[in-house]
Trainee: 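After the structure tokens below, expect a handful of questions from me.
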Amino acid sequence: MDFRYGKNDWKTLRRGQENCYLLTNRKGGYSSMSMVGSCARNEHVLLMASVKAPNTWVQLVAKMEEVIAFKDKVVSLAAQEHVGYLSNQEGQRYLDGFSVDPFPRWSYLVEGLEMEKSVIMAYEENLVMVRYRMENHTTDNVVVRLRPWLRFTPKGTMPVKGQVFEVTGEAVKSNGYQLFHRTDGRLEMEEEVWKEDLYFEDDARDGREAIGTIFSNHSFVYELMPGEEREAHVIYSLDRGTQEPDEIVEEELSRLRRLQEQSGLRSRMGRHLVTAADRFVVDRESTGGRTIIAGYPFFGDWGRDTMIAVMGCCIAAGRKDDTESIFRTFMTYVRRGIMPNMFPEGDLPPMYNTVDASLLFIYAVYTYYLEFEDLDFVREAMPVMMEIVEWYKKGTDFRIRMEEDGLISAGEGYDQVTWMDVRIKDVLPTPRHGKPVEINAYWYNDLKVMEWFSKLTGLGDASAYGTLSEKVKVSFNEKFWNEEKGCLRDVVSGTSSDNQIRCNQIWAVSVPFGMLDKARERQVVETVYTHLYTPYGLRSLSPEDAEFRPSYGGLLWDRDLSYHQGTVWGFPLGGYYLAYLKVNGYSRTSMERVKRQLDMLEGTLREGCIGQIAEIFDEEDPSTSRGCFAQAWSVGELLRVFKALEHIPGVPGW
């Protein structure tokens, strides 16, 4: 998809900073800046390298400033907000157009000089290229200086005066890092300049550190004669490279085209989401396999997020090898039936504080088999899946265990083991200790999956899985159904929060093997739609609830209190659409309705991080994205819906 913007989108600097682009490199490194070319938040940088995949990040090049010297004036194209606003740079006044397809591209017209700028990131390398096409329509020589602004510090930190930057004809060295540069311009040393007053409005709103620092001491210089047209480039990489600019561009374009073809998707938005999903599939150096970054720019790879996102970002996208690699990464680290929730960097062991990652893994393997029909891999995974079921039955860490009624209970004390996992010191806004609704929906679904896989592979006891699943089904209907509200209880714990109307119940309908009869499934979908549905996601709590908090912002305490108490989340929307299609028998009318609603997604693809779907959205009727500006499970779950629709014949317009 081609996303285009014009001058009306940056009438003010602040407005122009509402949107950004995102490029990634499979190593966890990325490039992301606002559409006016500014650093609008701490994590906005031209090159965020990952020195150890996926998330040992180092911010190297913050931005590239274009300074144009005419016969009688000098113009900077830099756009940047500064503390106090008096020294704000307003280079966006010369910006005529901005687009992303698939690379960000800026078009400037300055006093007769035409300049087009693009940024490309290479796959599998910490390499970013800034490329220009310039044409001098004036009658005098014009000198263009490309001035890089540097940091060379770990992500989240800033350089301080006294940090030395050594520049040679092939590299910049500072703070123990070395970055190679290749250019067709002339390197010239400049006066050393420190800017310590960059202001990040997005971070200030969220209570994060909102002041940044950058440094510069050199430029790459080009001189254009009257009427001359030329191209220019600066390539930064952690390793010496030999690729020419055209090769870098064509290789990445070809790779993205192959991904779209491999997915088999036909719809324009579905094919776009395939490339959006690609941004999250990365290497994990410590395990030698693939994993999924949960969200940019804040998160690493988490077990729960990975097992949800893999079903869309990899399986629905036709990425068989990557799916298997991700599964093997997490299968290796199963402990007492629990998959890791997080892989810390360094020598620290994985963290296992999740009840749902293991259950979602079995669900994901089932989805994998339906897509790729590879029974050999199912046989490989069966011992791990059998181990998970057995540990959940007899009880394991974090008080995860099967109760007498066959249902799964989890959590105690200050443990937060579902996705609603916020803990603020000794305050748990959404404790959910007891029997969470989605956990037991996954549990039943997994027992039916295991019954089926046992019959296919001859491994395990199919009869035992089937018998237990029937017990779970009876207990679930007895204890979770809330006749008064026509929906499912969120938790069975004996507390007042049990009957809150939350989005978690939608997965009891969307899973392949559900426990409710058709009438109850329909009631759940209708209740979720009435209380929780928005075009960009589902509210995490009904607005009618006394604890409902629609706004996400302010200090960390305020943000965490509202995180799961009404904030709109993107990823449950996929479960809603799959559930809606299911209860309506995949009728033509229901599919056309879903397609119309999905068309509204283009609005959120244009907002925030261009071409991506954010983690959360603010306000009761959302219009502004918050949290991570690009979230793997938000993209993946919607991609699953597009895949499901295209597997059903007769849907018009696909």
Side-chain angles (χ1 to χ4, degrees), residues 9-22 30-46 48 57 59 61-63 65 78-92 149-151 153-161 194-215 295-299 422 424-425 429 549-569 604 607-610 612 614-620 622-631:
D9 294 299
W10 46 84
K11 290 179 180 178
T12 65
L13 176 58
R14 180 68 60 81
R15 183 171 174 182
Q17 294 184 144
E18 292 177 359
N19 296 75
C20 68
Y21 72 86
L22 173 67
Y30 67 84
S31 175
S32 182
M33 302 186 73
S34 80
M35 69 178 175
V36 294
S38 66
C39 303
R41 59 168 74 223
N42 188 304
E43 292 85 0
H44 272 162
V45 289
L46 178 63
M48 181 75 78
W57 285 303
Q59 48 188 348
V61 185
K63 60 192 299 184
E65 179 182 8
Q80 185 61 54
E81 192 167 357
H82 291 265
V83 175
Y85 313 111
L86 295 179
S87 57
N88 280 359
Q89 294 171 283
E90 300 276 354
Q92 80 280 357
W149 291 89
L150 311 173
R151 289 203 178 125
T153 57
K155 182 175 181 284
T157 65
M158 291 291 161
V160 295
K161 283 187 176 180
W194 287 88
K195 292 188 177 182
E196 301 175 283
D197 64 343
L198 275 66
Y199 182 69
F200 309 131
E201 170 63 22
D202 288 350
D203 292 328
R205 180 197 64 215
D206 289 344
R208 300 184 178 92
E209 177 57 48
I211 300 175
T213 302
I214 52 178
F215 169 84
Y296 294 96
F298 303 131
F299 298 154
V422 169
I424 317 169
K425 296 182 180 179
R549 297 170 67 103
S551 298
Y552 178 85
L555 298 176
L556 180 62
W557 175 274
D558 297 314
R559 298 200 309 274
D560 281 351
L561 283 177
S562 65
Y563 203 36
H564 301 113
Q565 297 288 65
T567 298
V568 172
W569 286 75
T604 191
E607 190 271 343
C609 185
I610 299 165
Q612 288 288 344
E615 176 190 11
I616 55 177
F617 296 85
D618 213 1
E619 304 301 336
E620 187 173 337
S623 60
T624 304
S625 59
R626 300 294 191 214
C628 283
F629 54 59
Q631 189 82 352

Trainee: Test your reading of the model: is there a side-chain donor-acceptor pair from Trp149 to the backbone of Thr213, 3.5 Å cut-off?
Mentor: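 Answer holds: no.
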Trainee: Any donor-acceptor pair under 3.5 Å linking the side chain of Ser34 with the backbone of Asn19?
Mentor: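 No, Ser34 side chain to Asn19 backbone: no donor-acceptor pair under 3.5 Å.
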Trainee: Any chance you could measure Gln612, atom CD, to Tyr296, atom OH, to the nearest 0.5 Å?
Mentor: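 Result: 9.0 Å between the selected atoms.
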Trainee: With side chains defined as the heavy atoms from C-beta onward, is the minimum distance between Phe215 and Arg151 less than 4.5 Å?
Mentor: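 A side-chain contact is absent here, since even the closest heavy-atom pair is not under 4.5 Å.
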Trainee: Does any donor atom in the side chain of Lys63 or Gln80 lie under 3.5 Å from an acceptor atom in the other side chain?
Mentor: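 Result is yes, a qualifying pair exists.
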Trainee: State, yes or no, whether a side-chain contact exists between Phe200 and Glu43 at a heavy-atom distance under 4.5 Å.
Mentor: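 Not touching, per the 4.5 Å side-chain cut-off.
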Trainee: How close do Ala630 and Leu22 get, counting heavy atoms only, and between which atoms?
Mentor: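 In terms of heavy atoms, the two residues are closest at CB-CD2, 3.8 Å.
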Trainee: Does the side chain of Gln17 pick up a donor-acceptor pair with the side chain of Glu81 at under 3.5 Å?
Mentor: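 Indeed, the side chains of Gln17 and Glu81 share at least one donor-acceptor pair under 3.5 Å.
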Trainee: Indicate yes or no for a side-chain donor-acceptor contact from Glu209 to the backbone of Ile211 under 3.5 Å, with no hydrogens or angles considered.
Mentor: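 Flag set: sc Glu209 to bb Ile211 pair under 3.5 Å.
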Trainee: Which heavy atom of Tyr21 sits nearest a heavy atom of Cys609, and at what distance?
Mentor: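 The pair with the smallest heavy-atom distance is C-SG, 4.1 Å.
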Trainee: Taking atom types as modelled, find out whether Glu607 and Ser625 have a side-chain donor-acceptor pair closer than 3.5 angstrom.
Mentor: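 A pair is found: one side chain offers a donor N or O, the other an acceptor, under 3.5 Å apart.
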Trainee: Do we get Arg41 above Phe629's six-membered ring, with its NZ or CZ under 6.0 Å from the centre and within 45° of the axis?
Mentor: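 No, cation not above the ring by the 6.0 Å, 45° rule.
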Trainee: Would you say Ser32's side chain and His44's backbone share a donor-acceptor pair under 3.5 angstrom?
Mentor: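 No, Ser32 side chain to His44 backbone: no donor-acceptor pair under 3.5 Å.
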Trainee: For the atom pair OG1 (Thr12) and CG (Asn88), what is the distance rounded to the nearest 0.5 Å?
Mentor: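 Here the rounded value is 10.5 Å.
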Trainee: Let me confirm one number: the CD-CZ distance from Gln631 to Phe298, rounded to the nearest 0.5 Å.
Mentor: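 Spacing of CD (Gln631) from CZ (Phe298) equals 10.5 Å.
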Trainee: Counting distance only, does the side-chain N/O of Gln89 pair as donor-acceptor with the main-chain N or O of His82 below 3.5 Å?
Mentor: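 No; judged by distance alone, with no hydrogens or angles, the pair does not exist.
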Trainee: Which distance, rounded to the nearest 0.5 Å, do you find between the OH of Tyr30 and the CH2 of Trp57?
Mentor: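 Those atoms lie 7.0 Å apart.
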Trainee: Does a side-chain heavy-atom distance below 4.5 Å link Cys628 with Phe299?
Mentor: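 Result yes, sub-4.5 Å side-chain heavy-atom pair found.
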Trainee: Could you give the distance from CD1 (Ile610) to CD (Glu18), rounded to the nearest 0.5 Å?
Mentor: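 Answer for the CD1-CD pair, Ile610 versus Glu18, is 11.5 Å.
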Trainee: Can you check whether Arg626 reaches Thr567 side chain to side chain, under 4.5 Å on heavy atoms?
Mentor: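 Side chain of Arg626 against side chain of Thr567, heavy atoms only: no contact under 4.5 Å found.
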Trainee: Could you state the interatomic distance from CD (Gln59) to OG1 (Thr153), rounded to the nearest 0.5 Å?
Mentor: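 If I round to the nearest 0.5 Å, the distance is 4.0 Å.
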Trainee: So Val568 and Ile616, do their side chains get closer than 4.5 Å, heavy atoms only?
Mentor: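 Contact flag for Ile616/Val568 side chains = no.
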Trainee: If the test is side chain to side chain contact (heavy atoms under 4.5 Å, CB included), which one of Met158, Arg208, Lys155 qualifies with Asn42?
Mentor: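 When side chain to side chain contact (heavy atoms under 4.5 Å, CB included) is applied between Asn42 and each of Met158, Arg208, Lys155, only Met158 qualifies.
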Trainee: Can you tell if the side chain of Met33 reaches within under 4.5 Å of the side chain of Cys39, non-hydrogen atoms only?
Mentor: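 Of all side-chain heavy-atom pairs linking Cys39 with Met33, at least one is under 4.5 Å.
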